[in-house]
Structures are given as C-alpha cells and as structure tokens.
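Notes to accompany the following structure.
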Amino acid sequence: MDWKNTVRKTLDYMKKPIIRTEYVRTSAYPGLEGMFEGRNVLVTGGTRGIGLAAAKAFHACGAFVIVTGRSAEKLREINESAASERFYAMEWDVADIPGQEKKMEELDGVFGGGGCDILVNNAGTNRNEHGETAGSWDGVSETEWDHIVNTNLKAMYFLIQKFAKKWMETFPDKERHIVNVASSSGFEPAVLPYGISKWGVVALTEGFGRKLAPYGITVNGVAPGPTSTFMASKMDDAEDLSYQAIPRRCYGVPEEIANAILFLASDYGKNIVGEVVRADGGFSLTVTGGQ
Ligand SMILES: NC(=O)c1ccc[n+]([C@@H]2O[C@H](COP(=O)([O-])OP(=O)(O)OC[C@H]3O[C@@H](n4cnc5c(N)ncnc54)[C@H](OP(=O)(O)O)[C@@H]3O)[C@@H](O)[C@H]2O)c1
C-alpha cells in the first residue's frame with residue numbers, strides 16, 4: 001500500500017465514530033467473591049445509577065450492603081426484588097443534616113453488631129429542587145444553589161464528621177474506608193453550583209484523607225466523567241453510548257465507576273490516601289473552560 005493510501009485510511013478511521021457496545025458490566029467477580037466478607041457497606045444514593053452498581057458489586061463480593069434514597073417507590077422495588085437479606089434499601093435524605101444521627105442509629109439496627117465499615121458518599125444531584133437541570137450561571141437562584149450544594153457537599157461533610165467521630169470511639173483498631181463520589185467537573189473551571197460542589201468534594205477528600213489516616217480511616221474519591229445514568233440523561237440501556245468529546249469516545253457505564261470505588265475500598269487500595277481517581281475516559285484532560 002502506498003503512503004497516500006495509508007494516510008487516507010488513517011484519516012477515514014479517525015473520522016468514523018466509534019460506537020462501543022462492550023462495557024465492563026461485571027456482576028460476578030471471579031476470585032474476589034469473598035473480598036468484602038464480613039464488611040458492612042453504606043452507599044448513599046444507591047437506588048439507581050452508579051450507587052446501585054457499586055452496591056451490587058460490594059454485595060457480589062460478600063458485603064452486607066445498605067443503600068439509601070428518597071423515592072419510596074424505588075426503595076420498595078429494591079427491597080421486594082432483593083435476593084438476599086444482606087441487601088437493604090433505606091429511606092434517608094442525606095441532605096437532612098439534623099436527621100443524620102437518627103438515621104445512623106437506624107442503620108446500626110439493620111447492620112447489627114459492628115456497624116458500618118465502608119461509607120460510599122455517592123448521593124448527588126445536578127438539578128434544582130424542582131428536578132430541572134441548572135442552565136446558566138446568571139440564572140442560578142439561592143434555593144437552587146442550596147439544594148445542589150447541600151446534597152453534594154454539605155451532607156457529605158457532616159456524614160464524614162459523624163462517622164469518623166463514631167469510628168474513633170468504637171473499635172478504633174478496625175480499618176474503615178470512605179469513598180467519595182466526586183466528578184470530572186471537580187477538575188474543571190466551574191460557574192455552576194454542581195461543579196463548585198464537586199471541587200469541594202475533591203478538597204475534603206484530600207483534607208480528610210490526611211486527617212483521618214492516622215486513625216485507620218482511609219478516605220479517597222472517584223471522579224466519574226459523563227456516565228450513562230439518569231443524571232447524565234443518557235440511560236445505560238441506550239444502544240449508542242458514543243460521545244466524541246471524550247477521548248475514550250464513549251460514556252462510562254455505572255459498573256465501570258463501581259469497579260474504581262471497590263478498588264479504593266479494598267485492600268488493593270491500602271496505601272492510597274486522599275486521592276481522587278479520575279474515571280472519566282480522559283474527559284477532564286480536555287477542559288477548555290467553564291460550563
Ligand atoms: N452520571 C454522571 O455522568 C456523573 C458524572 C460525574 C459524577 N457523577 C456523580 O455520581 C454520583 C451518582 O450519580 P448518578 O449518575 O448515579 O445519578 P442518578 O442516577 O441520578 O442517581 C442519584 C442517586 O442519588 C439519590 N439521591 C439524590 N439526592 C439524594 C438525597 N438528598 N438523599 C439520598 N439520596 C439521594 C437518588 O435517589 P432519590 O432521588 O430517590 O433520592 C439516586 O439513587 C453523584 O454524586 C454524581 O454527582 C455522576
């Protein structure tokens with residue numbers, strides 16, 4: 001083949017959209033089934049999307065898992081279809097800060113002795129209190145700011161504070177993990193409350209990573225890029241998940257993000273502290289400016 005042909009073929013290939021149909025959708029983890037045996041895991045916002053995928057993965061690896069959410073219908077659906085008593089969905093609005101203590105007691109009641117060992121701070125939203133996606137910086141209202149920042153950042157801060165204090169008092173020798181779900185937007189210039197809240201998540205992950213490591217509490221985070229969930233409005237049953245703006249040329253799927261969360265909560269992530277792992281297909285490396 002002459003060089004002109006080679007160049008033409010290469011250019012044709014580069015122009016062609018890559019439609020990915022194979023993703024890491026693992027619900028069985030060969031060799032790792034018992035990795036989280038005896039561990040109690042709380043996944044906030046685990047009734048769908050990334051949280052639910054992480055919860056299923058922890059459960060598949062032997063953990064007792066509790067997921068939280070607000071939609072009564074979703075919670076009922078999960079509890080009715082759960083194949084195991086060690087997978088339970090609990091009504092809990094994490095943004096209700098004064099209510100957190102009572103919910104933690106309820107949680108202990110379900111887990112029984114030992115309490116929670118792994119906290120996955122996943123609950124998050126990019127929508128205002130009416131379920132609309134925030135548009136532009138000049139239209140952001142105070143209530144919208146409060147709704148998004150309280151859910152994504154304030155709730156996470158106070159949950160970490162309460163769990164850490166409790167863990168330091170009870171069985172202080174036990175190893176505990178916290179994994180915070182950040183976002184690739186936490187590495188991009190931000191003008192909307194969502195992105196700004198995720199910068200906060202990156203900051204507190206580093207801060208608490210350092211602060212809590214001496215107490216056997218390992219804090220890390222995962223920053224997904226566009227992932228096919230309700231939030232990103234590209235549902236994971238869509239046939240074509242290609243997205244040319246991402247170097248990997250496709251949306252992530254919840255199971256791929258779940259794998260990163262499990263890694264950080266496992267013994268494999270033991271020496272990783274205060275790190276926010278970007279699981280974004282290279283998206284945050286392409287940043288050109290604010291939203
Ligand atoms: N999908 C993406 O492209 C993407 C990208 C970067 C980062 N993330 C982050 O990944 C995390 C999960 O997002 P997702 O894409 O899986 O979103 P999702 O499909 O919208 O799921 C969000 C989950 O959080 C729950 N939730 C929301 N507010 C809550 C609250 N106040 N209290 C308790 N639960 C609450 C929702 O249930 P209820 O509504 O019933 O409460 C649902 O279970 C979020 O932190 C998000 O910021 C997602």
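Order of listing sets the numbers, starting from 1, for every ligand and every atom in it. Here, residue 1 is the first one in the sequence, and each next residue gets the next number. Computed over heavy atoms, backbone and side chain alike; hydrogens, waters and symmetry mates excluded.
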At a 4.0 Å threshold, what atoms of ligand 1 neighbour a non-hydrogen atom of [X]?
| X | value |
| --- | --- |
| P226 | 3 (O) |
| G49 | 16 (O), 19 (O) |
| A182 | 7 (C), 9 (C) |
| T151 | 28 (N), 31 (N) |
| Y194 | 6 (C), 7 (C), 8 (N), 9 (C), 46 (C), 47 (O) |
| F230 | 19 (O), 20 (O) |
| W92 | 32 (N), 33 (C) |
| S71 | 40 (O) |

Could you tell me whether the side chains of [X] and [Y] share a donor-acceptor contact shorter than 3.5 Å?
| X | Y | answer |
| --- | --- | --- |
| R249 | S242 | no |
| S284 | E188 | no |
| H147 | T125 | no |
| D280 | S184 | no |
| N122 | T44 | no |
| T227 | T229 | no |

Could you check [atom] against the protein and tell me its nearest heavy-atom contact, residue, atom and distance included?
| atom | value |
| --- | --- |
| atom 31 (N) of ligand 1 | D93 OD1, 2.8 Å |
| atom 23 (C) of ligand 1 | G45 O, 3.4 Å |
| atom 4 (C) of ligand 1 | G225 O, 4.0 Å |
| atom 6 (C) of ligand 1 | P224 O, 3.2 Å |
| atom 44 (C) of ligand 1 | N122 O, 3.2 Å |
| atom 29 (C) of ligand 1 | R70 NE, 3.5 Å |
| atom 16 (O) of ligand 1 | I50 N, 2.9 Å |
| atom 17 (O) of ligand 1 | M231 CB, 3.5 Å |

Report yes if [X] has an N/O atom closer than 3.5 Å to an N/O atom of ligand 1; otherwise report no.
| X | value |
| --- | --- |
| R48 | yes |
| T227 | yes |
| T229 | yes |
| T47 | yes |

inquiry  = Main chain of A182, side chain of N180: is a donor-acceptor contact present, judged purely on distance under 3.5 Å?
reply    = no
request  = Using a cut-off of 6.0 Å, state whether more than 12 heavy atoms not belonging to K102 lie near its atom NZ.
outcome  = no
query = Side chain, backbone, both or neither: which part of K198 comes within less than 4.0 Å of ligand 1 when only heavy atoms are counted?
reply =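 The side chain, only.
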message = With a 4.0 Å cut-off on N to O distance, would you call E73 and R76 a salt bridge?
response =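 No.
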query = Can R127 and E144 be said to form a salt bridge (charged side-chain N to carboxylate O under 4.0 Å, His left out), step by step?
reply = CA-CA 8 Å; R127 290 161 204 247; E144 181 176 321; over 6 Å; no
task = Classify the ring geometry between F283 and Y243 as parallel (under 30°), tilted (30 to 60°) or perpendicular (over 60°).
result =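 Ring orientation, 0 to 90° scale: tilted.
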key: Check against ring pair (Phe, Tyr, Trp, His ring centres under 6.0 Å), F36 and F64   = CA-CA 8 Å; F36 291 100; F64 184 162; over 10 Å; no
message = Measuring only between side-chain heavy atoms, which start at C-beta, is V140 closer than 4.5 Å to N128?
response = no
